[in-house]
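Structure first, commentary second.
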Amino acid sequence: MNTYQTFTINVDENIGIVKVNRPEALNALNSQFFDEMGSFLGSLDEKSGIHVLIITGEGKAFVAGADIAEMVNMRKAEGAVFSQKGQKVFRTIEQLAIPVIAAVNGYALGGGCELAMACDFRIASSKAKFGQPEVNLGLIPGYAATQRLSRLVGPGTALYLLMSANQINAEEALRIGLVQKVVEPEELMDETISIAKKIASKGPKAVKKVKSVVRKGLEIGFEKGSALESEEFGSLFEDEAKEGMKAFLEKRPPDWQ
Ligand code: CAA
């Protein structure tokens, strides 16, 4: 696997851990990050052996947003391109076949909250802080928080956070459904890895289909989403569900090979 300057990658059995690694700028996301992340995500195929991906940050931040030092001199066209670049990479994360979990260790602001939202779900340290502070800078979000935040927490809460730029703590993020679990900082990685390993022990094709049917269903609507569910449900009968159901009836663990 390649090495990159803006993040590190560690693989523990079949769990990949990506750690954003620009602590001197609180892991702010720059063009280099998006180029490198795009290339890494493109290399994630069956041969990579990664079944679940975890994204976290080095130091006291998960990610404190897009890189303001890079954006400060941009003009209209460059700003739009910088937004599209980030959106494309976050969309790739969202559409990756395998599950992606955000382990939010600290500040998840602006582009950082957007990165966490592009993941399938979020486990947060009790010290994590969330927010969309773009209006403080005279900006709006550029990596699709206007779309994902309202879908995750509802339009009222999303507009409140986007307009006020208020930071919320992990407990509040849990209450509004932005994160799914809060743990003590020293337990964050162990807990997230343990959840990832649990997911990796399930029927691998079923896990991927759960992700794709839920995600596609949110975009194509209930009726078409339910039709897709029936189709994918059926397809698993010719596949690993045979082994899964047989193993249940034979009172033994399934062998997904
Ligand atoms: N971009 C570039 N550099 C950043 C950064 C960012 N988003 N956030 C922090 N840094 C840098 C700081 O400039 C500082 O660098 P120096 O040491 O060279 O001065 C270093 O990281 C440490 O930051 P602070 O000294 O500010 O740390 P703090 O603990 O006092 O404050 C903070 C932490 C509250 C997170 C504060 O850093 C902050 O408010 N950061 C900016 C948050 C923000 O506005 N994010 C949104 C960016 S816009 C965006 O993301 C748009 C989009 O959707 C595409």
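Atoms within a ligand are numbered from 1 in the order they appear, just like the ligands themselves. We use all heavy atoms of the structure for the numbers below, so side chains are in, but hydrogens, waters and symmetry mates are not. Being a predicted model, the structure only gives us computed values, none of them experimental.
In this structure, Leu29 and Phe34 have side chains that are in contact, with non-hydrogen atoms separated by less than 4.5 Å. Residues Ile199 and Ile101 are in side-chain contact: their nearest non-hydrogen atoms beyond the backbone lie under 4.5 Å apart.
Atoms CZ and CG, on Phe82 and Asn30 in that order, are 7.0 Å from each other to the nearest 0.5 Å. Atom-to-atom distance recorded for Ile9:CD1 and Ile55:CD1 is 10.5 Å, nearest 0.5 angstrom. Between atom SG of residue Cys119 and atom CZ of residue Phe90 there is a gap of 8.5 Å, rounded to the nearest 0.5 Å.
Ionic pairing of Lys209 and Glu231 is not present here: no N-O contact between side-chain nitrogen and carboxylate oxygen is shorter than 4.0 angstrom.
Annotation: ligand 1 has protein neighbours Glu24, Ala25, Leu26, Ala28, Lys60, Ala64, Gly65, Ala66, Asp67, Ile68, Met71, Tyr107, Leu109, Gly110, Gly111, Glu114, Pro133, Glu134, Leu137, Pro141, Gly142, Tyr143, each with a heavy atom less than 4.0 angstrom from the ligand.
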